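Structure, as structure tokens:
The model shown is predicted, which means the values in this text are computed figures rather than measured ones. Labels below follow one simple rule: chain letters A, B, ... track the order of the sequence lines, proteins then strands, and each chain is numbered from 1.
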Amino acid sequence: MLQIQLIRENKEFVIERLKVKNFDATQIIESIIDIDAKRREAQINADDLLAKLNALAKEIGDLFKSGKQAEANVLKEQVAALKIQAKEYTDKQDQFEKEQQQLIVQLPNLPHISVPKGKSADDNEIIFSEGDASDMADDALPHWELASKYNLIDFELGTKIAGAGFPVYTGKGARLQRALINFFLDEATANGYVEVQPPYVVNEASAYATGQLPDKEGQMYHATIDNLYLIPTAEVPVTNIYRDVILKNDDFPVKNCAYSACFRREAGSYGKDVRGLNRLHQFDKVEIVQINRQEDSYNTLEGMKDYVASVLRKLELPFHILRLCGGDVSFTSALTYDLEVYSKAQRRWLEVSSVSNFEAFQANRLKLRYKDADGKTKLAHTLNGSALALPRIVAALLENNQTPEGIRIPKALIPYTGFEIITL
RNA sequence: GGAGAGAUGGCCGAGUGGUCGAAGGCGCGCGCUUGGAAAGCGCGUAAGCUCCUAAAGGGCUUCAUGGGUUCGAACCCCAUUCUCUCCGCCA
């Protein structure tokens with residue numbers, strides 16, 4: 001959520017920046033500023049009347065105490081009329097506040113100055129590439145065929161138990177999952193991230209604070225009896241640790257990592273995008289979250305991006321890094337890097353991580369603040385990224401490492417799997 | 001699931017109709033003291049909105065949340081949420 005002062009004081013700037021996200025904010029912002037003026041006017045009137053009422057109440061109390069009942073009763077008459085007036089203004093104030101809030105939440109975050117213009121994923125900027133992203137021979141198998149050939153994943157069994165998109169990992173497939181989770185957590189911990197194990201369900205307040213509600217309600221599984229939502233990512237519970245918190249200036253940087261299962265309804269997905277492990281309703285992910293001072297957040301973002309790249313390097317996967325264009329960067333993000341690995345049998349790039357700086361956009365809803373060196377209270381900047389999401393990593397590992405002898409495990413992972421190769 | 005108790009500032013905790021944005025303590029900050037530290041002493045220490053060009057200062061709101069009673073509510077009434085204790089069930 002953008003801050004009202006920013007909108008009020010830099011109207012043209014906000015409109016210009018949002019054009020990069022292909023969002024025409026002119027109308028909404030005009031309305032917001034109009035309502036803002038009315039809201040403040042109502043508050044001035046309401047505050048004035050309430051101040052009078054408070055003073056009268058005090059006076060009446062004093063009169064009663066000194067036994068001047070008659071005079072007190074005269075004042076009581078005055079109070080009645082003032083109360084009605086005051087109520088009028090406070091109601092107006094509440095109403096305008098709500099209207100204003102409703103409009104402000106429709107505005108996306110301002111994109112960072114480095115975000116390229118563009119309409120869709122095709123306009124994203126490739127800023128870095130590494131590794132051999134050549135295609136495999138035509139007879140190379142896609143991961144879903146490898147998974148069944150080597151008995152690693154049973155998609156049909158998952159369909160029987162829960163439904164499509166809920167795979168069952170078996171034997172070395174299950175072991176590979178566990179190995180990756182532990183490997184990712186160990187890497188993150190070695191890089192200073194403090195591990196947390198959050199709940200896999202969140203209440204309404206938490207889902208609202210990180211922006212899943214109200215707009216993405218249909219994307220989450222909802223346990224209606226208890227009004228809890230299954231988390232679509234560990235970002236939600238982990239970030240909510242810091243809801244309504246005022247950090248000290250020397251608490252920074254806050255670094256957390258968390259493994260969780262992630263649940264997404266993915267309503268409306270279809271075709272080759274959902275084949276095999278490409279898109280699931282339940283998947284595993286290690287998430288990294290950082291909170292930092294406003295002036296430090298872009299250094300932090302670079303560090304997180306480089307960290308994720310270092311993990312992909314250890315897995316010996318070819319990858320590239322995209323700077324998302326205005327049309328592809330998410331509603332809440334100011335700047336996002338996507339990291340994609342090349343899956344050589346499918347012959348396509350798969351997004352395995354998205355690293356974003358939300359600046360103060362999330363913090364404003366979270367009410368996550370800090371006292372800076374001068375003792376001033378400011379909104380903190382929040383950042384997060386996947387490090388990493390498992391399914392597409394597994395897809396690329398299986399496809400890229402297939403050999404006539406079996407599927408080779410990258411060196412860094414062998415201590416975790418306990419085997420070097422997956423054979424028939 | 002049944003019965004009971006409770007929710008107050010960063011934390012503990014007092015407060016049952018006005019003198020309460022809230023005693024006292026802890027913590028934190030600044031200063032005095034000290035060779036240095038600890039102890040001790042003194043002062044300060046909530047957030048949001050708003051008025052004011054800014055600072056200084058003022059006003060309003062906030063004692064779980066939402067309503068109500070009253071001239072006046074942390075305190076009385078109603079509803080909701082959450083927490084704890086005991087019983088039951090249970091990994």
Side-chain angles (χ1 to χ4, degrees), chain A residues 1-10 32-105 197 199-209 213 222-229 237 240-252 254 291 360 363-380:
Chain A
M1 193 169 68
L2 292 176
Q3 295 161 81
I4 178 65
Q5 307 97 287
L6 179 79
I7 298 169
R8 192 194 297 152
E9 287 159 22
N10 307 283
I32 289 173
I33 288 178
D34 180 51
I35 291 170
D36 188 53
K38 290 186 194 157
R39 189 197 103 236
R40 283 188 289 163
E41 198 198 325
Q43 184 178 346
I44 291 168
N45 288 321
D47 283 1
D48 188 48
L49 289 169
L50 289 171
K52 279 182 189 149
L53 280 168
N54 287 340
L56 278 173
K58 201 160 216 177
E59 226 176 294
I60 292 169
D62 291 341
L63 287 172
F64 271 123
K65 260 182 223 161
S66 48
K68 298 173 180 166
Q69 305 269 336
E71 284 177 52
N73 284 328
V74 172
L75 288 184
K76 275 199 194 179
E77 304 284 320
Q78 289 183 31
V79 165
L82 281 177
K83 267 176 88 172
I84 293 167
Q85 276 186 57
K87 178 98 165 72
E88 235 171 79
Y89 284 117
T90 50
D91 283 353
K92 260 193 200 169
Q93 191 187 341
D94 290 347
Q95 181 59 29
F96 288 137
E97 237 169 65
K98 262 185 210 148
E99 283 176 30
Q100 191 175 34
Q101 182 77 1
Q102 255 169 26
L103 290 171
I104 291 177
V105 295
Q197 250 192 43
Y200 288 4
V201 293
V202 293
N203 57 28
E204 237 174 28
S206 295
Y208 177 80
L213 292 178
H222 186 194
T224 51
I225 295 179
D226 296 302
N227 198 22
L228 295 170
Y229 294 88
N240 269 283
I241 293 172
Y242 304 97
R243 170 153 53 90
D244 284 318
V245 165
I246 301 181
L247 294 164
K248 295 196 189 106
N249 195 42
D250 53 7
D251 287 337
F252 297 112
V254 173
I291 300 166
N364 196 26
R365 268 209 207 181
L366 285 165
K367 299 203 186 74
L368 165 54
R369 290 154 293 175
Y370 68 103
K371 299 258 189 213
D372 71 4
D374 302 326
K376 273 179 71 178
T377 306
K378 289 180 170 174
L379 290 172

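- Considering only residues two or more places apart in sequence or on other chains, A:Tyr229 meets the ring pair (Phe, Tyr, Trp, His ring centres under 6.0 Å) condition with A:His222.
- Considering all non-hydrogen atoms of both residues, A:Leu82 and A:Leu56 come closest at CD1-CD1, 3.6 Å.
- The shortest heavy-atom contact between A:Asn249 and A:Lys371 is CB-O, 3.1 Å.
- In this entry B:C41 has B:G31 as its Watson-Crick or G-U wobble partner, both defining distances falling under 3.5 Å.
- Rounded to a whole angstrom, the distance from the P atom of B:G18 to that of B:A74 is 10 Å.
- Comparing the C1' positions of B:G29 and B:A79 gives an interatomic distance of 43 Å, to the nearest angstrom.
- Scored by the side chain to side chain donor-acceptor pair (under 3.5 Å) test, A:Lys58 finds no partners at all (sequence neighbours excluded).
- Side-chain contact check for A:Gln95 and A:Glu99: at least one donor-acceptor pair (N or O, by modelled atom type) lies under 3.5 Å.
- The separation of B:G21 from B:C60, taken at their P atoms, amounts to 11 Å, rounded to a whole angstrom.
- Reading RNA chain B from its 5' end, the first and the last nucleotide to sit under 4.0 Å from a heavy atom of chain A are B:G18 to B:G72.
- Within the shown strands, B:G2 is the pairing partner of B:C86 under the Watson-Crick or G-U definition, both distances less than 3.5 Å.
- Pairing for B:G17 is absent, judged as Watson-Crick or G-U wobble with the two contacts each under 3.5 Å.
- Across the interface with RNA chain B, nearest-nucleotide mapping of A:Ile246 and A:Asp36 shows A:Ile246 to be the residue nearer the 5′ end.
- Looking at residues two or more places apart in sequence or on another chain, you find a ring pair (Phe, Tyr, Trp, His ring centres under 6.0 Å) between A:Tyr370 and A:Phe252.
- Among residues at least two apart or in separate chains, side-chain hydrogen bond (donor to acceptor under 3.5 Å, both in side chains) pairs with a member in residues 75-89 of chain A are A:Lys87-A:Asp91.
- Evaluation of the side chain to side chain donor-acceptor pair (under 3.5 Å) rule for A:Glu59 yields no partner, not counting sequence neighbours.
- The same atom, C1', is picked in B:A22 and in B:U62; the two are 12 Å apart, to the nearest Å.
- Searching all strands for a Watson-Crick or G-U wobble partner of B:C26 with both distances below 3.5 Å returns B:G10.
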Quick one: side chains of residues 200-207 of chain A, donor-acceptor pairs under 3.5 Å with protein atoms, not counting sequence neighbours, listed by atom name and distance.
from: A:Asn203; atom 1: OD1; to: A:Ala205; atom 2: N; distance (Å): 3.4
from: A:Asn203; atom 1: OD1; to: A:Ser206; atom 2: N; distance (Å): 3.0
from: A:Asn203; atom 1: OD1; to: A:Ser206; atom 2: OG; distance (Å): 3.1
from: A:Glu204; atom 1: OE2; to: A:Asn227; atom 2: ND2; distance (Å): 3.3
from: A:Ser206; atom 1: OG; to: A:Arg243; atom 2: NH2; distance (Å): 2.9

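- Checking B:C52 for Watson-Crick or G-U wobble geometry (two distances, each under 3.5 Å) identifies no partner in any strand.
- Within residues 74-83 of chain A, the residues approaching RNA chain B are A:Lys76, A:Val79, A:Lys83, by heavy-atom distance under 4.0 Å.
- Searching all strands for a Watson-Crick or G-U wobble partner of B:A46 with both distances below 3.5 Å returns B:U62.
- Residues passing the salt bridge (Lys or Arg N to Asp or Glu O under 4.0 Å) test with A:Lys98, sequence neighbours excluded: none.
- Scanning residues 44-58 of chain A for heavy-atom distances under 4.0 Å to RNA chain B yields A:Ile44, A:Asp47, A:Leu50, A:Ala51, A:Asn54, A:Ala57.
- Nucleotides B:A54 and B:G42 place their C1' atoms 32 Å apart, quoted to the nearest Å.
- The nearest heavy atom of RNA chain B to A:Thr377 and to A:Arg40 marks one nucleotide each, and the one closer to the 5' end goes with A:Thr377.
- If you take atom P in B:G67 and the same atom in B:U85, they sit 32 Å apart, rounded to whole Å.
- Spacing of P atoms, B:U45 relative to B:G36, comes out at 29 Å, to the nearest Å.
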Side-chain donor-acceptor contacts of residues 42-50 of chain A below 3.5 Å, not counting sequence neighbours, with atom names and distances?
from: A:Gln43; atom 1: NE2; to: A:Asp47; atom 2: OD2; distance (Å): 3.2
from: A:Asn45; atom 1: ND2; to: A:Glu41; atom 2: O; distance (Å): 3.3

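- Applying the Watson-Crick and G-U wobble criteria (two distances, each under 3.5 Å), B:C75 pairs with nothing in any strand.
- If you take atom P in B:G66 and the same atom in B:C71, they sit 23 Å apart, rounded to whole Å.
- A:Asp62 meets the salt bridge (Lys or Arg N to Asp or Glu O under 4.0 Å) test with no other residue; sequence neighbours excluded.
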